[in-house]
Number of protein chains: 2
Amino acid sequence: MRQLQCDDVLGAMAEMTDFRLNDFLPYLLNNAAEVTSRTFSASYRKKFGMTRAQWRIMAHLGQGGALTATEICARGHLEKSKVSRAVSGLEEGGLLRRMTSSSDRRAELLSLTESGRKVHAILAAQAQEFQQEMEARLGPERARHLAQLLDELAQAEAD
Amino acid sequence: MRQLQCDDVLGAMAEMTDFRLNDFLPYLLNNAAEVTSRTFSASYRKKFGMTRAQWRIMAHLGQGGALTATEICARGHLEKSKVSRAVSGLEEGGLLRRMTSSSDRRAELLSLTESGRKVHAILAAQAQEFQQEMEARLGPERARHLAQLLDELAQAEAD
DNA sequence: CTGCAACTGTCGCATATGCAACAACCACTT
DNA sequence: AAGTGGTTGTTGCATATGCGACAGTTGCAG
């Protein structure tokens with residue numbers, strides 16, 4: 001009797017695998033990324049009215065020299081239409097300059113203007129402060145581990 | 001001469017802090033989350049035409065009993081409007097049922113229907129398979145560490 | 001040189017999203 | 001009992017997004 005009841009329960013349970021949402025890595029990744037980015041994006045959103053995509057483009061261009069839109073797409077795992085529109089916005093804001101490549105007239109070389117570089121300096125400072133808070137919270141060791149793991153994931157799954 | 005040039009370069013550099021985008025945790029988090037979720041979401045998107053938000057709600061409701069929209073918001077770090085619309089979609093699809101709470105007529109208790117449970121079983125199986133792939137790629141140890149770190153981040157920053 | 005496949009960035013359209021405003025409702029005070 | 005502040009879920013609106021179609025361009029095969 002009792003045994004049968006158990007069987008029924010188990011039968012009903014059998015439809016469920018023993019899947020645990022709270023251990024599911026894509027879920028945890030999204031939660032952590034969303035919560036973190038929501039907090040951080042407030043710092044530049046209010047200050048410069050900047051999109052996340054726009055922030056990323058600024059960050060990439062601030063790193064080094066001129067980049068092409070496609071290169072930014074690849075590095076940042078972004079859609080080309082997203083980049084295209086974000087770039088338009090930054091150009092209107094005078095933070096960014098386009099120059100059609102001499103070697104390939106389809107491609108446009110993107111680079112920061114003077115004021116773009118100034119804004120980037122502020123953004124970088126904000127970012128570094130935020131990063132330090134996170135590292136302090138996690139501990140430097142674990143923060144490095146985390147960075148390593150996240151990088152592997154992004155690389156591995158990339159097409 | 002050479003020295004002066006260097007100074008000039010360093011002067012220009014000085015505007016840049018030594019910020020390195022590739023070590024910036026919010027950036028890495030977003031990349032990893034985006035790349036991972038893009039891969040995974042294909043599995044249910046094409047099969048059930050389901051949104052990421054809808055998947056999440058299914059997953060939460062599949063875990064246990066009935067939940068209120070607000071509870072789902074809190075657990076999944078989602079906007080209430082997002083949840084509201086996702087729930088409407090799931091209800092139209094017959095996967096989910098609403099029942100106004102007897103103790104609070106504002107709140108609605110959400111629970112899966114029979115077909116909702118069946119769909120959830122498939123989703124859970126897909127998820128588990130995906131999880132195993134990820135764990136195999138990272139190694140079980142490191143996967144657990146990662147989960148732990150991500151959980152901390154989501155908790156810490158949460159309001 | 002011509003044709004052809006692949007690539008670059010833009011745009012239109014349908015959908016998804018965030019935010020604020022909103023009505024219905026609750027708990028608590030006076 | 002009526003008022004007040006706070007909560008729950010929905011909706012309108014402006015914006016952001018993904019996807020596919022597109023014109024302009026390149027490089028290569030024939």
Side-chain angles (χ1 to χ4, degrees), chain A residues 30 33-35 37-42 44-46 48-57 60-61 66-93 96-111 159, chain B residues 30 33-35 37-42 44-46 48-57 60-61 66-93 96-111 159:
Chain A
N30 270 302
E34 178 57 30
V35 167
S37 273
R38 190 175 304 175
T39 304
F40 175 60
S41 67
Y44 56 80
R45 196 163 189 165
K46 301 212 168 181
F48 301 105
M50 200 174 285
T51 304
R52 288 187 196 181
Q54 290 179 327
W55 184 92
R56 286 177 152 239
I57 293 175
H60 279 293
L61 293 180
L67 288 176
T68 218
T70 305
E71 288 170 326
I72 295 180
C73 287
R75 298 197 193 188
H77 307 284
L78 300 171
E79 297 268 326
K80 57 180 179 176
S81 61
K82 202 172 183 172
V83 171
S84 174
R85 294 189 248 244
V87 164
S88 297
L90 291 173
E91 192 187 25
E92 285 180 25
L96 166 156
R97 173 179 34 225
R98 321 159 100 128
M99 230 178 58
T100 61
S101 163
S102 54
S103 62
D104 184 343
R105 263 183 296 174
R106 294 170 299 183
E108 285 177 331
L109 292 175
L110 307 172
S111 57
D159 318 336
Chain B
N30 271 302
E34 178 57 29
V35 167
S37 273
R38 191 177 303 177
T39 304
F40 176 60
S41 67
Y44 56 82
R45 196 164 189 164
K46 302 211 168 183
F48 300 106
M50 201 175 282
T51 305
R52 288 188 198 180
Q54 290 180 327
W55 184 92
R56 286 176 153 239
I57 293 175
H60 278 293
L61 293 180
L67 288 176
T68 218
T70 305
E71 288 170 327
I72 295 179
C73 288
R75 299 198 193 187
H77 306 283
L78 300 170
E79 296 267 326
K80 56 181 179 174
S81 62
K82 203 171 183 173
V83 171
S84 174
R85 294 188 247 245
V87 164
S88 298
L90 291 173
E91 191 187 24
E92 285 179 25
L96 167 155
R97 175 181 29 227
R98 321 159 101 125
M99 230 178 60
T100 60
S101 163
S102 54
S103 63
D104 184 344
R105 264 182 298 173
R106 292 171 300 183
E108 285 177 330
L109 294 175
L110 307 172
S111 57
D159 320 336

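Convention: sequence-line order gives letters A, B, ...; per-chain numbering from 1.
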Output the rounded distance in Å from CG (A:L78) to C1' (C:dG9). 15 Å

Between CD of B:E79 and C1' of D:dG12 the distance, given in whole Å, is 16 Å

Assess the side chains of A:S101 and A:S103: does a donor N or O sit below 3.5 Å from an acceptor N or O? yes

If you only use heavy atoms from C-beta on, which nucleotide in [options] is closest to the side chain of [X]?
X: B:R106; options: D:dG9, C:dC25, D:dT10; value: C:dC25
X: B:K82; options: C:dT17, C:dC19, D:dC19; value: C:dT17
X: A:S81; options: D:dC19, D:dG9, C:dG9; value: D:dC19

For B:R98, which contact category applies under a 4.0 Å heavy-atom criterion: base, sugar-phosphate, or nothing? sugar-phosphate

For B:T68, which contact category applies under a 4.0 Å heavy-atom criterion: base, sugar-phosphate, or nothing? sugar-phosphate

First encountered from the 5' end of DNA chain C, between B:K80 and A:V87: A:V87

Would you kindly compare A:L109 and A:R38 by the position of their nearest DNA chain C nucleotide and give the one closer to the 5′ end? A:L109

Mapping A:R52 and A:S102 onto DNA chain D by nearest heavy atom, which one lands closer to the 5' end? A:R52

For C:dG12, does the base pair up with any side-chain atom of A:R85 as donor and acceptor (N or O, under 3.5 Å, distance only)? yes

Are there more than 12 heavy atoms of other residues, nucleotides or ligands under 6.0 Å from atom CZ of A:R45? no

Closer than 4.0 angstrom, basic N to acidic O: yes or no for A:R85 and A:E92? no

Please tell me if the side chains of A:V87 and A:E108 come closer than 4.5 Å, counting only heavy atoms from C-beta onward. no

Presence of B:R105 side-chain N/O under 4.0 Å of C:dA24 phosphate oxygens OP1/OP2: no

